[in-house]
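What follows is one structure encoded as structure tokens, with my remarks underneath.
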Amino acid sequence: MAKQYWLFKSEPGTFSITDLEKAPDKTTCWDGVRNYQARNFLSKQVASGDHVFFYHSNTEPPAIVGIAQVAKAGYPDPSAFNPKSKYFDEKSDPEDPAWYSVDIKHVKTFKRPVTLSELRGNAKLKGMVLLQKGSRLSIQPVSEKEWKAIIDMLKQN
DNA sequence: GCCAACGTTGGC
DNA sequence: GCCAACGTTGGC
């Protein structure tokens, strides 16, 4: 299986990369995804060992703040079955789960985040899903070229 | 806080 | 199946 790359969005007020770093074994269940396109990535494509950019949205500045790795591939999202969870979905049947989670583990937090405006300024990233107009997908595929171009931006810091 | 873009819901 | 209304996302 070829290496795959992803970008996971999170609002830092809800779950930040610092939260991930502090989590037991620096690992967390990525739950609460309630969008079908993102769900399909989680259930079918995101594989153990895949590399993940951790992105902070809805904050100033929006930025890629670090890297994580997929520790466990798609499995039914437990929060959908938990009536106490804000992500509870009574329509999700444990026999035929509607929603999926993966586990991710912290790899590194950047000393300096790569901001959205810096990403926009890199011509190599023109096609990146994140930079498309109106794009709000919370689980996004990242191409190998895009991944490498962003890693190169870190080295220039 | 504003608002454009997008996704979902539900009446018909 | 259409589409208006509504809710959410997320940059600014």
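Only a predicted model underlies this, so the values are computations on that prediction, with no experimental measurement involved.
Linking ILVMFWY residues whenever their side-chain heavy atoms come closer than 4.5 Å, directly or via other members, places Ile139(A) and Val70(A) in the same cluster.
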Could you walk me through whether Trp6(A) and Phe53(A) pass the ring pair (Phe, Tyr, Trp, His ring centres under 6.0 Å) test, one step at a time? CA-CA 6 Å; Trp6(A) 305 96; Phe53(A) 280 134; over 10 Å; no
Output, in order, the C-alpha distance, side-chain angles, deciding distance and verdict of ring pair (Phe, Tyr, Trp, His ring centres under 6.0 Å) for Trp147(A) and His51(A). CA-CA 9 Å; Trp147(A) 181 276; His51(A) 302 274; 5.8 Å; yes
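We find that CZ of Arg136(A) is positioned 7 Å from P of dG10(C), with the value rounded to whole Å. In this structure, the CG atom of Leu7(A) is 15 Å from the C1' atom of dT9(C), given to the nearest Å. Following rounding to the nearest Å, Tyr36(A) (OH) and dT8(B) (P) show an atom-to-atom distance of 7 Å. Distance Gln132(A) CD to dG10(C) P: 15 Å, rounded to the nearest Å. Here the C1' atom of nucleotide dG11(C) and the CG atom of Leu130(A) are 11 Å apart, to the nearest Å. Atom CH2 of Trp99(A) and atom P of dT8(B) are 7 Å apart (whole Å). In this structure, Tyr87(A) atom OH and dT8(C) atom P are separated by 13 Å, rounded to whole Å. Atom CZ in Arg34(A) sits about 16 Å away from atom C1' in dG7(C), given to the nearest Å.
Comparing Asn58(A) and Asn35(A) by the nucleotide of DNA chain B that holds the closest heavy atom to each, the one mapping nearer the 5' end is Asn58(A).
Under 4.0 angstrom from either OP1 or OP2 of dG11(C) there lies at least one side-chain N or O belonging to Tyr55(A). The side chain of Lys133(A) places an N or O atom within less than 4.0 Å of a non-bridging phosphate oxygen (OP1 or OP2) of dA5(B).
Between dG7(B), dT8(B), dC12(C), one nucleotide has an atom nearer to the side chain of Gln37(A) than all others, and that is dG7(B).
Taking the ring centre of Tyr75(A) as origin, the terminal cationic atom of Lys72(A) falls inside the region bounded by 6.0 Å and 45° from the ring axis.
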